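Okay, structure first, notes after.
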Amino acid sequence: MTKPPSKQSKSAPRQGKRVRGSTTGRPVMVLLDLIGRRWVLRILWELRDEPLNFRELQAACGGISPSVLNTRLAEMREALLVELKAEEGYTLTKMGRELLSQLTPLTVWSEKWAKTLG
């Protein structure tokens, strides 16, 4: 008999809990697990300038299914990166904006790296 998926697999990764690539759940590994999930970085990027409602965000992401978007938003809300404001829609929290700014140097480095690889 197949065991049903655990409830934990449908929630954001948590510090101190086992995550992909780590049995210890160190904060950096928890973060890498979360941002490594499909569509998370795209959602962060699309919310960089202004709040978007669900349909606007889905259209901005182009190709994301409603169920996956809903799951990712729930994970990102649980991780305190995104919040839902009734009148505005989904927006990045202060922590979400800070994360996005921390990824900028990585983007610069990756472009240099890509040129090196040819």
Side-chain angles (χ1 to χ4, degrees):
M1 179 193 261
T2 305
K3 184 178 176 184
S6 70
K7 209 173 184 186
Q8 186 178 2
S9 67
K10 293 186 179 193
S11 64
R14 291 193 176 276
Q15 182 178 334
K17 303 287 183 185
R18 182 183 197 111
V19 295
R20 282 185 304 160
S22 172
T23 57
T24 63
R26 293 184 63 198
V28 70
M29 296 306 292
V30 172
L31 175 64
L32 291 174
D33 184 342
L34 178 62
I35 65 174
R37 292 179 180 194
R38 195 168 181 183
W39 295 104
V40 169
L41 288 172
R42 178 69 182 266
I43 293 166
L44 280 171
W45 178 253
E46 295 302 341
L47 293 174
R48 73 193 181 282
D49 293 327
E50 62 185 350
L52 298 171
N53 67 35
F54 189 89
R55 288 180 191 240
E56 291 168 336
L57 186 53
Q58 184 181 14
C61 287
I64 189 171
S65 74
S67 62
V68 171
L69 179 56
N70 201 26
T71 299
R72 293 299 173 254
L73 286 170
E75 292 167 349
M76 294 170 77
R77 287 175 71 187
E78 186 179 331
L80 305 178
L81 299 177
V82 170
E83 61 187 335
L84 176 59
K85 294 187 175 179
E87 300 298 318
E88 301 175 50
Y90 291 94
T91 186
L92 294 177
T93 62
K94 183 179 177 186
M95 291 299 290
R97 291 195 178 290
E98 189 176 335
L99 172 59
L100 200 56
S101 73
Q102 295 298 315
L103 292 173
T104 301
L106 187 59
T107 302
V108 171
W109 181 89
S110 68
E111 289 169 1
K112 188 187 326 182
W113 177 56
K115 286 179 185 175
T116 303
L117 293 174

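All figures in this text were calculated on a predicted structure; none of them were measured in a lab.
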Close side-chain approach of Leu99 and Leu92, heavy atoms under 4.5 Å: no
Donor-acceptor pair, side chain of Thr91 and main chain of Glu83, under 3.5 angstrom: no
Check: Gln58 side chain, Ser65 main-chain N or O, donor-acceptor pair, under 3.5 Å: no
Heavy-atom closest pair, residues Leu57 and Leu73: CD2-CD2, 3.8 Å
Glu56 side chain vs Asn53 backbone, donor-acceptor pair below 3.5 Å: yes
Residues Leu47, Leu52; criterion side-chain contact (heavy atoms from CB on, under 4.5 Å); working and verdict: CA-CA 7 Å; Leu47 293 174; Leu52 298 171; 4.1 Å; yes
Verdict with supporting geometry, Leu81 and Val40, side-chain contact (heavy atoms from CB on, under 4.5 Å): CA-CA 10 Å; Leu81 299 177; Val40 169; 5.6 Å; no
ILVMFWY network linking Leu80 to Val30, side-chain heavy atoms under 4.5 angstrom: no
For Ile43 against Cys61, the heavy-atom pair lying closest together: CG1-SG, 4.0 Å
Check: Arg72 side chain, Ser67 main-chain N or O, donor-acceptor pair, under 3.5 Å: no
Chi angles and distances behind the salt bridge (charged side-chain N to carboxylate O under 4.0 Å, His left out) call for Glu46, Arg42: CA-CA 6 Å; Glu46 295 302 341; Arg42 178 69 182 266; 2.8 Å; yes
Shared hydrophobic cluster, Leu84 / Trp39 (ILVMFWY, side-chain heavy atoms < 4.5 Å): yes
From CA spacing to verdict: side-chain contact (heavy atoms from CB on, under 4.5 Å), Asp33, Met29: CA-CA 6 Å; Asp33 184 342; Met29 296 306 292; over 6 Å; no
